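See structure below.
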Amino acid sequence: ISLLVQSFTDEVIAFVQGADESEITKEKILISLQAICTKYPAIKNADCRKDLEFDVLKEINLKFPTLVQQKDFKNLWN
């Protein structure tokens, strides 16, 4: 699963780094993250999922401080 986690993380980082600050909204971020998550269904029930969510939130907040919060991830993997 570690290669899967690395691929997921790389894709999230690429998305965040490529997001246009002038056009980004919380909704756009969450929709894009949900699309990424659907590519990695094995992570949905993985033990490391909460850690990954924390890392994703940290990455997003580096570029877009306080735009997204942990509670916004409740439906991320649905």
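Predicted model, so just to flag it, every value in this text is computed and none were measured.
- Put simply, the residue from Val68, Ile13, Thr66, Val12 that forms a side-chain contact (heavy atoms from CB on, under 4.5 Å) with Ile60 is Val68.
- The distance from the CD1 atom of Ile29 to the NZ atom of Lys63 is 9.5 Å, given to the nearest 0.5 Å.
- Not counting sequence neighbours, the partners of Glu11 by the salt bridge (Lys or Arg N to Asp or Glu O under 4.0 Å) test are Lys39.
- Looking at every heavy atom in both residues, Thr25 comes nearest to Leu67 through C-CD2, 4.1 Å.
- For the salt bridge (Lys or Arg N to Asp or Glu O under 4.0 Å) test, residues two or more places apart in sequence or in another chain that qualify with Lys26 are Asp72.
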Name the atoms and distances for all side-chain donor-acceptor pairs under 3.5 Å in residues 30-38, with sequence neighbours left out.
unit_1 : atom_1 : unit_2 : atom_2 : d
Ser32  : OG     : Lys28  : O      : 2.9
Gln34  : NE2    : Asn75  : O      : 3.0
Thr38  : OG1    : Ala35  : O      : 2.6

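- Sorted by first and then second residue, the ring-ring contact (aromatic ring centres under 6.0 Å, His included) pairs with a member in residues 12-35 form an empty list; sequence neighbours excluded.
- Under a cut-off of 6.0 angstrom, the local environment of CG in Asp20 is crowded, with over 12 non-hydrogen atoms contributed by other residues, nucleotides or ligands.
- Residues in residues 28-62 take part in these ring-ring contact (aromatic ring centres under 6.0 Å, His included) pairs, two or more places apart or across chains: Phe8-Tyr40.
- With hydrogens and angles ignored, the 3.5 Å screen pairs no side-chain donor or acceptor of Arg49 with any backbone N or O of Ile43.
- Put simply, CZ on Phe64 and CD1 on Ile24 are 5.0 Å apart, with the number rounded to the nearest 0.5 Å.
- Qualifying salt bridge (Lys or Arg N to Asp or Glu O under 4.0 Å) partners for Lys50, counting only residues two or more places apart in sequence or in other chains: Glu53.
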